[in-house]
A.B. asks: 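My structure is below; once you've seen it, I'll send some questions.
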2 protein chains.
Amino acid sequence: MRVCIIGDCGGHIGSIFDGRLGPHTYVGAAASSDLESLEGLGRLALSKTGRELPLFADWREMLDTLRPDIAAVDCLFSHHAEVACFALERGIHVFSEKPAATTVEDLRMLEETAARSGARLFSMLTARFDPWFYTARKLVEAGELGDLLLAGGQKSYKLGRRPAFFHRRETYGGTIPWVGIHTVDQLLWLTGRKCTEVYAKQTTLGNGGHGELETAAALLLELEGGLPAHVNIDYGRPQNAPSHGDDRVRLVGTKGVLEVRGDRVFLINDRQDGREPVENMTPEPIFDGFIRLLQGSDDPMYAGCDGLTATRVCLAARESAGLGRPIAL
Amino acid sequence: MRVCIIGDCGGHIGSIFDGRLGPHTYVGAAASSDLESLEGLGRLALSKTGRELPLFADWREMLDTLRPDIAAVDCLFSHHAEVACFALERGIHVFSEKPAATTVEDLRMLEETAARSGARLFSMLTARFDPWFYTARKLVEAGELGDLLLAGGQKSYKLGRRPAFFHRRETYGGTIPWVGIHTVDQLLWLTGRKCTEVYAKQTTLGNGGHGELETAAALLLELEGGLPAHVNIDYGRPQNAPSHGDDRVRLVGTKGVLEVRGDRVFLINDRQDGREPVENMTPEPIFDGFIRLLQGSDDPMYAGCDGLTATRVCLAARESAGLGRPIAL
């Protein structure tokens with residue numbers, strides 16, 4: 001595949017070099033704004049491919065000139081939707097950093113464009129391709145939990161120092177759409193259910209000069225069938241912690257309880273007592289998943305992988321926190 | 001102290017025999033309804049004290065006749081408030097199973113009666129006297145977490161077979177007031193904050209013939225100062241699990257993260273990386289705490305130990321789930 005890259009802001013773009021279904025050709029890169037640097041991306045591309053990554057001054061011209069198969073989008077979060085729409089309108093498949101959009105208006109535009117386009121949109125919901133969450137999904141699919149009673153998840157990060165565009169809602173989008181979307185997507189993906197209502201509380205306390213950046217949030221969701229669900233996210237993980245993140249999922253069913261914690265899966269049901277973790281299964285690299293989707297795969301692993309539904313829930317959650325009332329979806 | 005006992009429904013009444021500040025005299029026991037049996041209590045009292053527990057047919061007559069120092073209340077949950085009010089009106093201190101009340105009307109009556117009475121009300125919020133939660137409280141008091149950004153907790157139980165009165169909201173009160181109150185109280189007690197708003201979702205799915213009993217719930221709370229908080233509770237813990245419960249608390253602050261899990265406390269801040277648990281401290285037995293309160297202790301450990309605030313939050317949470325909207329407190 002011929003791949004163009006727009007931006008290098010989110011930290012996950014390197015996954016386009018890690019697939020095993022290539023080799024692909026990385027034909028050009030451009031920024032979507034002058035807040036973005038492509039230096040690190042250029043070095044990474046050189047080390048991964050042995051070739052210089054051609055840089056372009058204007059991302060629109062680059063896409064129009066090169067007409068790649070794939071646009072890998074990792075620009076300013078608030079530009080994701082615009083760049084994706086531009087590419088999809090030209091029949092270029094989009095592999096995009098999440099969230100798919102940072103405003104409801106942009107999301108609607110993207111949904112309409114994606115529906116019209118023959119090209120595919122794929123969101124970097126990287127957690128689906130973590131062995132522990134992938135294993136959880138396989139166990140749920142296998143019926144190990146029975147009917148679900150409760151679903152919950154957590155994402156906890158180290159804050160460190162974030163680029164200036166994280167300081168403003170307008171460019172960052174908010175911590176629920178940026179961090180929380182992984183956990184929200186996990187719950188939708190693992191349960192196979194839509195979210196029917198969401199309500200959130202969040203705070204910017206202790207953000208150490210990061211402007212409008214929210215440091216923590218808690219979400220209450222109702223999933224289809226009246227399933228209660230909860231999500232908590234924070235940037236409060238101390239620098240001294242032994243790992244960058246502390247991502248969790250916990251599902252309670254009529255036949256068992258499953259927990260993902262510390263990159264391992266613990267299952268308690270009539271056959272296992274949860275003292276020892278289940279052996280992790282290995283999913284394919286995320287970029288290979290995207291390629292398989294383009295090749296026509298209908299693996300349920302990819303359900304909702306355009307990230308539109310998870311983005312909608314997260315934008316509603318962010319809005320609900322501002323309004324002080326739940327939002328029905 | 002001379003102690004009368006009313007009922008034996010909740011499973012925690014045995015704590016009245018475990019204090020070290022006695023010996024106390026257990027002068028009589030009665031049921032509050034014909035749904036209650038005192039057989040187990042009689043055997044327990046005999047084994048703990050070496051004396052037969054005198055049984056009475058009518059709890060009101062018992063209290064009026066014996067005029068004990070303390071009424072230990074563990075009757076049908078929906079009778080807690082009525083029995084407590086009867087005792088408090090007579091200047092008899094009350095050591096009561098939680099929740100303090102199962103309806104808002106009963107709670108208001110109890111609040112008014114407790115405010116008028118010279119006697120004290122103490123709720124069996126037993127988790128405060130678990131070494132792990134007690135240790136968490138001491139660490140928070142010592143400032144190990146800095147300013148709080150997020151607070152959350154979990155209580156997960158085995159369902160098993162519950163007595164018939166658990167099957168009806170009218171006598172049981174609901175899973176949020178019965179199970180969730182521990183976690184709600186933990187968050188109020190550990191943070192030292194009031195709850196300003198609550199919203200809950202719950203389900204009765206998979207309750208195995210337990211009528212109206214809710215099997216799971218998720219709560220979103222706002223605590224004073226805009227602190228987001230979340231609680232999840234369930235009866236979904238499999239019979240095969242290695243322990244009866246899986247109670248947790250997690251607090252995220254500007255200086256650290258604390259988690260109670262598996263009866264141990266894990267702390268990550270600039271001095272600890274959370275790989276090994278903190279050594280648990282040992283609180284006094286709960287009944288001794290009650291006796292110290294009667295002796296005039298103003299230890300902050302006992303703040304809110306009448307359980308009225310936690311009960312109010314839980315009844316509002318239960319109501320919010322029915323109404324489908326948050327309730328301000």
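Note that this is a predicted model, so its numbers are computed, not measured. These values consider heavy atoms only, across backbone and side chains, with no hydrogens, waters or symmetry-generated copies. Just so it is clear: chains get the letters A, B, ... in the order the sequence lines come, proteins before strands, and each one is counted from 1.
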A.B. asks: Run B:R248 and A:E259 through salt bridge (charged side-chain N to carboxylate O under 4.0 Å, His left out) and show every step you take.
C.D. replies: CA-CA 14 Å; B:R248 303 190 192 183; A:E259 186 176 16; 2.7 Å; yes

A.B. asks: Side chain from CB out, backbone as N, CA, C, O: work out which of these in A:Q272 comes under 4.5 Å of a heavy atom of chain B, or both, or neither.
C.D. replies: backbone

A.B. asks: Taking B:R325, B:E197, B:R250, B:Q154 one by one, which has the highest count of heavy-atom pairs under 4.5 Å against chain A?
C.D. replies: B:R250

A.B. asks: Heavy-atom count around A:K158 NZ within 6.0 Å, excluding the residue itself: above 12?
C.D. replies: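 Yes, NZ of A:K158 has more than 12 neighbouring heavy atoms, counting only those of other groups under 6.0 Å.
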
A.B. asks: Under a 4.5 Å cutoff for heavy-atom pairs, which residue among A:V252, A:D270, A:N240, A:T254 has the most contacts with chain B?
C.D. replies: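 Counting heavy-atom pairs under 4.5 Å, the top option is A:N240.
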
A.B. asks: Would you find a donor on one side and an acceptor on the other, under 3.5 Å apart, between the side chain of A:D273 and the backbone of B:P242?
C.D. replies: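 Side chain of A:D273 to backbone of B:P242: no pair is present.
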
A.B. asks: Looking at B:E276, I'd like to know if its CD atom is crowded, meaning that more than 12 non-hydrogen atoms belonging to other residues, nucleotides or ligands lie closer than 6.0 Å.
C.D. replies: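 No - once you tally the heavy atoms of other residues, nucleotides and ligands closer than 6.0 Å, there are 12 at most.
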
A.B. asks: Only heavy atoms, only distances under 4.5 angstrom. Which residues in residues 199-237 of chain B are near chain A?
C.D. replies: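 When heavy atoms of chain A are the reference, residues 199-237 of chain B contributes B:Y199, B:A200, B:K201, B:Q202, B:T203, B:L205, B:G206, B:T215, B:A216, B:A217, B:A218, B:L219, B:L220, B:L221, B:E222, B:G226, B:P228, B:A229, B:H230, B:N232, B:I233, B:D234, B:G236, B:R237 within the under-4.5 Å range.
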
A.B. asks: Can you say whether B:R271 sits under 4.5 Å from chain A via the side chain, the backbone, both, or neither, judging by heavy atoms?
C.D. replies: backbone

A.B. asks: Crowded around A:Q239 CD? As in, over 12 foreign heavy atoms under 6.0 Å?
C.D. replies: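 Count over threshold, so yes.
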
A.B. asks: Any heavy-atom pair between the side chains of A:P238 and B:K255 that's under 4.5 Å?
C.D. replies: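 No. Closest side-chain heavy atoms not under 4.5 Å.
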
